[in-house]
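Data first, discussion second: the structure below is written as structure tokens.
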Amino acid sequence: MKFRVERDALADAVAWTAKSLPSRPSVPVLAGAMLRVIDGRLHVSGFDYEVSNQVDVDVQADADGAALVSGRLLAEITKALPAKKPVEIAAVGSHLELVCGSARFTLPTMPVEDYPTLPELPASAGTVEAAVFAAAVAQVAMAAGRDETLPMMTGVRVELTGDTLALLATDRYRLAVREISWSPNDPDINTNALVPARTLADTAKTLGPLGGEVTIALGGSGSAGEGMIGFVGGTRRTTSRLLDGQSYPPVRSLFAPTYSSEARVGVAALTEVVKRVSLVAEKATPVRLSFSEDGLVVEAGGTEEARASEAMEATFTGETMTVAFNPQYLIEGLGALNAPTAVFSFNDPFKPAVITPAGDDGAVIAGFRYLIMPIRVGR
């Protein structure tokens, strides 16, 4: 294997592939990045039996071939190479030689034959605009759980129903739901998949800036790709094993059909107030939001004598109400709205509240809902 490639293209490809490689692989070869040159194109791939990444790069090839080297080390080296200079790479015996300008590196290689075969991409289910998909995933993935003892909660549920793509995530204390339009291959499609939240977030964040469309590939019943989902954008593709979502809770039932009280508050102002007031509170200590016709008062208190409160403008309709939330969950939910105004909907201070975004004209922006569980506190 011998080829020449632009430094930036190589660095981007290797960095993206190496990002998902395990730091403590079950076998050494899984820490490797596979470099394979075929017909003038370089395929850079990584695989840990759960997630696979592959990106293609145009190169000037003198000889086809393959080499397996430490992915993280190669990523660090390519990032540090002199800018705007081509990189010459050649496999020589059991080593990979890399030359860029006056910089020269020799890296040991691992046996290519020991590297597992990358999984085949499932059949395409449809396409979605890359930027819209990336924004939607970012809004929802932050609500997924991080407790590995509850793997179901660490995923994002992807629901494909007709031309609507819905994303749902919950850690049992909050729930984020985002619905967007997409272009299915089958207009009558009705299926769902539970994707690891971290993998989905990393993939969407990478594919979003590329523009264009993202192809969603999903294995159907009895297909070779069953239990797997794939995403393709530009020259990059990712596959991931799905989580077992057969007993995923019916979280949509947490949304009430109607709400008796509503508050409208500026997102930026409320975020800053919650951050200030919660300075006196210890970790996980709730902040109290008291809504009335006069506006909103945000309060917090610590275990000692420290107390804080701040009043701010808000429009409220309904009976006077005080509700307490985890401040971090509240701040993250406000940040996910991507809108100037937050609309709070309540029925009871001890039942879930729903936060939705609204524009400058006051109209609610459909598609995203953030449900947050209140915390019971003594007065």
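Between Val44 and the options Asn53, Leu74, Leu35, a side-chain contact (heavy atoms from CB on, under 4.5 Å) holds for only Leu35.
Looking at Arg276 and Glu310, a side-chain N of the basic residue comes within less than 4.0 Å of a carboxylate O on the acidic one, giving a salt bridge. At a threshold of 4.0 Å, the pair Glu332-Arg174 counts as salt-bridged, since one of the basic side-chain nitrogens sits closer than that to a carboxylate oxygen. Checked for salt-bridge contact, Glu50 and Arg198 miss the test: no charged N lies under 4.0 Å from a carboxylate O. Between Arg252 and Glu159 there is a salt bridge, with a side-chain nitrogen of the basic residue lying less than 4.0 Å from a carboxylate oxygen of the acidic one. Using a cut-off of 4.0 Å between Lys/Arg side-chain N and Asp/Glu carboxylate O, Arg146 and Asp171 are scored as not salt-bridged.
Val251 and Met153 fall into different hydrophobic clusters, where Ile, Leu, Val, Met, Phe, Trp and Tyr residues are linked whenever their side-chain heavy atoms come under 4.5 Å apart, directly or through other members. When hydrophobic clusters are built by joining Ile, Leu, Val, Met, Phe, Trp and Tyr residues whose side-chain heavy atoms come closer than 4.5 Å, directly or via intermediates, Ile189 is grouped together with Leu218.
Side chains of Thr154 and Asp147: no donor on one and acceptor on the other come within 3.5 Å. Side-chain polar atoms of Arg237 and Gln54 form no donor-acceptor pair below 3.5 angstrom. Side chain to side chain, Thr239 and Ser52 meet the donor-acceptor criterion of an N or O pair below 3.5 Å. Counting only N and O atoms by type, the side chains of Ser181 and Asp163 include no donor and acceptor under 3.5 Å apart.
For the atom pair OG (Ser261) and CG (Asn347), the distance works out to 7.5 Å, reported to the nearest 0.5 Å. Considering CZ of Phe344 and CD1 of Ile372, their distance stands at 8.0 Å, rounded to 0.5 Å.
Annotation: Phe291 is in aromatic contact with Phe346 [ring centroid separation under 6.0 Å]. Taking the six-membered ring wherever Trp is involved, the centroid distance between the rings of Phe231 and Phe133 falls below 6.0 Å.
Side-chain contact between Arg41 and Thr235: present, with at least one pair of heavy atoms (C-beta onward) separated by less than 4.5 Å. When side chains are defined from C-beta on, Val99 does not count as touching Val87, because their heavy atoms never get closer than 4.5 Å.
Minimum interatomic distance between Arg288 and Ala324 (heavy atoms only, all atoms of both residues): CG-CB, 4.0 Å. Taking both residues in full, the closest heavy atoms of Val37 and Ala63 are given as CG1-O, 4.2 Å, listed atom of the first, atom of the second, then distance. The two atoms that bring Gly333 and Met142 nearest to each other are CA-CE, 4.3 Å, heavy atoms only.
Tyr173 OH: 12 or fewer foreign heavy atoms inside a 6.0 Å radius. Sparse packing is recorded around CZ of Arg36, with 12 or fewer heavy atoms of other residues, nucleotides or ligands lying under 6.0 Å away. Within a 6.0 Å sphere centred on CD of Glu293, heavy atoms belonging to other residues, nucleotides or ligands number 12 at most.
Listed for the Asp64 side chain is no donor-acceptor partner under 3.5 Å among the backbone atoms of Met1.
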**OP:** Go through Glu88 and Arg4 one step at a time and tell me if the salt bridge (charged side-chain N to carboxylate O under 4.0 Å, His left out) criterion holds.
**Re:** CA-CA 4 Å; Glu88 296 181 356; Arg4 173 181 289 192; 2.4 Å; yes

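Seen from the ring of Phe350, Arg376 counts as a face-on cation partner, given the 6.0 Å and 45° thresholds.
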